[in-house]
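Heads up: the structure comes next, in structure tokens.
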Amino acid sequence: MSKTKDPSNSVFDFNDSSSPLASQLASEHRRREALAEKVIPTPDKTRYFTISNQKGGVGKTTTTVNLAAALAKGGLNVLVIDIDPQGNASTALGIEHHAEVESIYDVLINDVPLAEVVATCPDLPTLQVAPATIHLAGAEIELVSLVAREQRLQRALDDYARTRQRQGLPRLDYVFIDCPPSLGLLTVNAFVAAREVLIPIQCEYYALEGLSQLLKNIEMIQKHLNSRLTVSTILLTMYDGRTNLASQVANEVREHFPEQVLGALIPRSVRISEAPSYQQTVITYDPNSTGALSYMEAAIEIAERGVQAK
């Protein structure tokens with residue numbers, strides 16, 4: 001006697017948590033539903049973020065482009081400044097950045113207005129990008145002899161805000177500055193131009209290595225160049241829930257920085273890694289993936305925290 005298949009046992013039943021796959025599907029479905037109901041709040045004034053960590057490979061650029069894309073997808077006006085000579089943020093956002101393109105180098109060194117170098121992300125019309133080119137590799141040396149060398153990016157951003165206002169364009173809601181993994185004059189310019197620092201920390205061994213030096217450098221900037229700068233946000237990246245180490249690192253970081261660490265975690269994800277090779281962020285490349293959901297959650301949490309902090 002054949003048995004009728006019980007439809008409640010389908011792996012697509014989002015209430016079934018009897019297997020790891022079904023449990024993951026159910027969790028992602030709930031997260032998508034929760035995100036669908038969210039409206040990203042608009043800040044009262046432009047929020048300026050520098051994404052920085054002297055340790056390489058922690059997800060600075062990935063975090064920059066995906067948070068920017070998530071907020072732009074939510075309808076906010078966002079600008080990404082790529083000051084890393086590698087230009088990876090420009091690549092991920094689909095912006096040309098070969099040597100002939102006018103870039104943030106020309107803004108910093110040749111006083112070209114920022115409005116003349118920004119380009120619109122092809123996937124997101126409210127996301128503007130100031131690209132980096134290989135010329136930035138020599139900018140550290142060229143900046144040394146220039147007047148007000150630490151304030152050049154800040155002045156360019158102030159001028160760009162006035163230009164947008166004169167042209168009747170909407171005010172920027174967020175500016176994200178993607179830094180190189182070093183503390184040279186490019187990074188100093190980013191710290192002086194920003195109001196908030198976002199530090200990505202990977203959930204791996206040596207996660208906190210070098211962080212104390214970064215915080216000391218930020219203190220120096222606060223003391224001498226930008227008293228308004230604060231470390232407002234820490235984002236845990238490359239989280240692998242299958243390992244005890246990831247949980248231990250996450251707990252340790254939360255213990256050290258209880259106010260700054262976001263509740264959202266960014267997992268290790270093939271989709272996040274694949275997206276830049278298609279000149280996209282994971283937000284547009286695979287919006288239903290767990291990586292995209294995680295960055296959307298992080299972006300909304302940052303936006304909501306900004307409203308609560310008023």
Side-chain angles (χ1 to χ4, degrees), residues 17 19-35 38 49 51-71 88-89 92 176 178-179 181 196-212 214-215 231-277 280-305:
S17 58
S19 72
L21 176 59
S23 178
Q24 182 181 347
L25 286 169
S27 171
E28 291 182 5
H29 180 68
R30 286 193 296 270
R31 291 166 68 191
R32 273 193 293 272
E33 285 189 327
L35 286 170
K38 292 275 189 178
F49 278 90
I51 290 78
S52 182
N53 191 329
Q54 287 162 256
K55 194 174 187 304
V58 301
K60 286 190 301 296
T61 298
T62 301
T63 292
T64 301
V65 299
N66 283 296
L67 287 177
L71 291 164
N88 292 335
F176 291 102
D178 186 35
C179 296
E196 303 177 57
V197 181
L198 187 156
I199 305 175
I201 297 180
Q202 86 280 36
C203 296
E204 294 180 353
Y205 196 55
Y206 294 138
L208 298 176
E209 188 179 67
L211 188 59
S212 60
L214 173 61
L215 295 175
V231 178
S232 67
T233 311
I234 292 175
L235 179 62
L236 297 168
T237 63
M238 304 179 190
Y239 182 81
D240 188 344
R242 299 169 298 179
T243 67
N244 289 330
L245 176 62
S247 298
Q248 290 167 4
V249 170
N251 290 336
E252 185 178 357
V253 175
R254 290 187 192 284
E255 189 177 314
H256 278 83
F257 305 99
E259 300 296 321
Q260 291 90 348
V261 180
L262 295 178
L265 290 164
I266 308 303
R268 280 203 171 277
S269 164
V270 173
R271 290 306 204 201
I272 290 176
S273 303
E274 280 178 349
S277 65
Q280 291 188 59
T281 66
V282 75
I283 302 297
T284 56
Y285 174 65
D286 190 353
N288 290 320
S289 66
T290 186
L293 294 176
S294 298
Y295 270 115
M296 286 297 300
E297 288 166 346
I300 289 171
E301 190 173 350
I302 288 170
E304 290 178 343
R305 283 186 174 198

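- In this structure a side-chain-to-backbone donor-acceptor pair under 3.5 Å is missing from T237 to I266.
- At least one donor-acceptor pair closer than 3.5 Å links the side chain of N66 to the backbone N or O of V282.
- Residue L67 comes nearest to A299 through the heavy atom pair CD2-N, 3.7 Å, listed as atom of the first residue, atom of the second, then distance.
- What you find for S52 and P200 is that their closest heavy atoms are O-CD, 3.6 Å.
- Counting all heavy atoms, side chain and backbone alike, A69 lies closest to T281 at CB-OG1, 3.5 Å.
- Separation of atoms CD (Q260) and CZ (R305) is listed at 8.0 Å; rounding is to 0.5 Å.
- Put simply, CG on D178 and OG1 on T61 are 3.5 Å apart, with the number rounded to the nearest 0.5 Å.
- The neighbour count for N244 CG, taken as heavy atoms of other residues, nucleotides or ligands under 6.0 Å away, does not exceed 12.
- Among all heavy-atom pairs drawn from P287 and Y285, the shortest one is CD-C, 3.8 Å.
- With a 4.5 Å cut-off on side-chain heavy atoms, E304 and K38 count as touching.
- Rounding to the nearest 0.5 Å places CG of L198 at 6.0 Å from CG of L235.
- Going from atom CD1 of I300 over to atom CG of L262 covers 12.0 Å, rounded to the nearest 0.5 Å.
- Note: Q280 CD to R271 CZ = 11.0 Å, rounded to the nearest 0.5 Å.
- V65 is not listed as a side-chain neighbour of N88, based on a closest heavy-atom distance of 4.5 Å or more.
- Across L71 and A303, no two heavy atoms sit closer than the pair CD2-CB, 4.4 Å.
- The nearest pair of heavy atoms linking N288 to R32 is O-NH1, 3.1 Å.
- The side-chain heavy atoms of T233 and F49, taken from C-beta on, include a pair separated by under 4.5 Å.
- Just one residue in the list H256, R254, E255 forms a side-chain contact (heavy atoms from CB on, under 4.5 Å) with V261, and that residue is R254.
- Side chain to side chain, R31 and S294 meet the donor-acceptor criterion of an N or O pair below 3.5 Å.
- Put simply, OG1 on T63 and OH on Y295 are 3.0 Å apart, with the number rounded to the nearest 0.5 Å.
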